[in-house]
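Take a look at the structure set out below.
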Amino acid sequence: MKEEIPVSKANRLVNHGPVILVTSQFKEKTNIITLAWQMPVSHKPMLIAISIAKSHFSHDMVKGSGEFAVNVPNVNLLSQVHYCGTTSGRDIDKFARSGLTTLPAQKINPPLIAECIGHIECRLQNMYPVGDHSVFVGEVLAASVEEGLFDGCWKLDEPRAKSLHHLGGNLYTTPDNILEAD
Ligand SMILES: Cc1cc2nc3c(=O)[nH]c(=O)nc-3n(C[C@H](O)[C@H](O)[C@H](O)COP(=O)(O)O)c2cc1C
């Protein structure tokens, strides 16, 4: 079960730099792309930036539709995350092939990924060409989490809240501790 959280807390779903799965929908097609390069960039309005290579299918999907969803996978989705980051949706339906399933979004057309533990629904606010990538800045319209895993921050003591972080190639890591500063 998913519960809505305030848009003002959406940045906390990705503050710790997890790998994300971005869903997009354009011209009857739906796609999923794995991204490591993401960051919150504004509180008011709440804005999230993602960097997508110009050659990727998702680049044209997000550019064309003006919408995208950030989905936060947990460690249990390692193989699906790697699959969606090593195949192109130009040729295949990644939902069908990966076994990931759709969940309707509240405010945008692209579906969310039901198996993910966090979701941020974004409307494209701006896009910036940067080398061989484009940085897409999305305004957050809605955010939701898996019940019981978020209490203002991710409850990392819950095994299901453990995110994936990309080291490079096919290597990933997960966060271990919560440290409290004075
Ligand atoms: C862990 C991981 C992180 C990745 N991060 C990014 C990223 O931040 N930006 C990007 O453009 N591609 C990134 N990729 C590569 C794309 O996910 C990959 O090329 C994908 O097949 C493109 O799919 P598409 O053509 O369906 O859009 C990453 C791949 C992996 C496995």
Side-chain angles (χ1 to χ4, degrees), residues 10-11 13-42 47-103 105 108-140 154 161-176:
N11 59 309
L13 299 186
V14 291
N15 263 356
H16 56 319
V19 167
I20 56 172
L21 293 172
V22 165
T23 41
S24 53
Q25 186 171 301
F26 186 51
K27 290 187 179 167
E28 319 280 311
K29 287 201 83 166
T30 301
N31 198 28
I32 309 173
I33 183 172
T34 302
L35 297 181
W37 292 356
Q38 57 81 8
M39 64 175 171
V41 288
S42 163
L47 301 174
I48 307 274
I50 57 174
S51 182
I52 306 182
K54 289 173 182 162
S55 56
H56 293 340
F57 188 49
S58 298
H59 183 280
D60 300 340
M61 303 265 299
V62 173
K63 187 178 173 185
S65 68
E67 295 182 320
F68 62 91
V70 170
N71 299 272
V72 182
N74 69 8
V75 67
N76 301 332
L77 297 180
L78 174 61
S79 60
Q80 293 90 336
V81 162
H82 200 64
Y83 178 75
C84 291
T86 49
T87 51
S88 180
R90 251 184 247 287
D91 320 312
I92 51 159
D93 176 346
K94 291 195 211 178
F95 271 104
R97 295 285 188 94
S98 66
L100 294 169
T101 57
T102 59
L103 178 72
I108 59 174
N109 285 315
L112 309 177
I113 299 174
E115 291 76 12
C116 285
I117 56 172
H119 312 278
I120 306 173
E121 300 179 25
C122 298
R123 177 173 57 210
L124 188 60
Q125 194 234 33
N126 224 324
M127 90 177 248
Y128 303 90
V130 283
D132 56 0
H133 283 53
S134 294
V135 169
F136 294 94
V137 176
E139 178 171 1
V140 178
W154 284 117
K162 274 201 190 295
S163 47
L164 284 165
H165 300 255
H166 193 212
L167 294 173
N170 64 350
L171 298 180
Y172 297 77
T173 187
T174 60
D176 246 347

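Keep in mind that this is a model prediction, so the values were computed, not measured. Read the numbers this way: they start at 1 and go in the same order the structure lists the ligands and their atoms.
Taking CG from Asn74 and CD1 from Ile117, the interatomic distance works out to 5.0 Å, rounded to the nearest 0.5 Å.
Listed by chain and residue number, the protein contacts of ligand 1 are Asn31, Ile33, Thr34, Leu35, Ala36, Trp37, Ser51, Ile52, Ala53, His56, Phe57, Ser58, His82, Cys84, Gly85, Thr86, Thr87, Ser88, Gly89, Lys94, His133, His166, Tyr172 (heavy atom within 4.0 angstrom).
Nearest approach of His165 to Ser163, heavy atoms of both residues: NE2-OG, 2.8 Å.
The number of heavy atoms from other shown groups lying within 6.0 Å of CZ (Arg90) is above 12.
At a cut-off of 3.5 Å, with distance as the only test, a side-chain donor of Asn71 or Thr23 sits close to an acceptor on the other residue.
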Open item on the list: As a quick check of understanding, evaluate side-chain contact (heavy atoms from CB on, under 4.5 Å) for Leu13 and Trp154, giving each step before the final call.
Closed with: CA-CA 7 Å; Leu13 299 186; Trp154 284 117; 3.6 Å; yes

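Note: His166 and Tyr172 have tilted aromatic rings, judged against thresholds of 30 and 60 degrees for the angle between ring planes.
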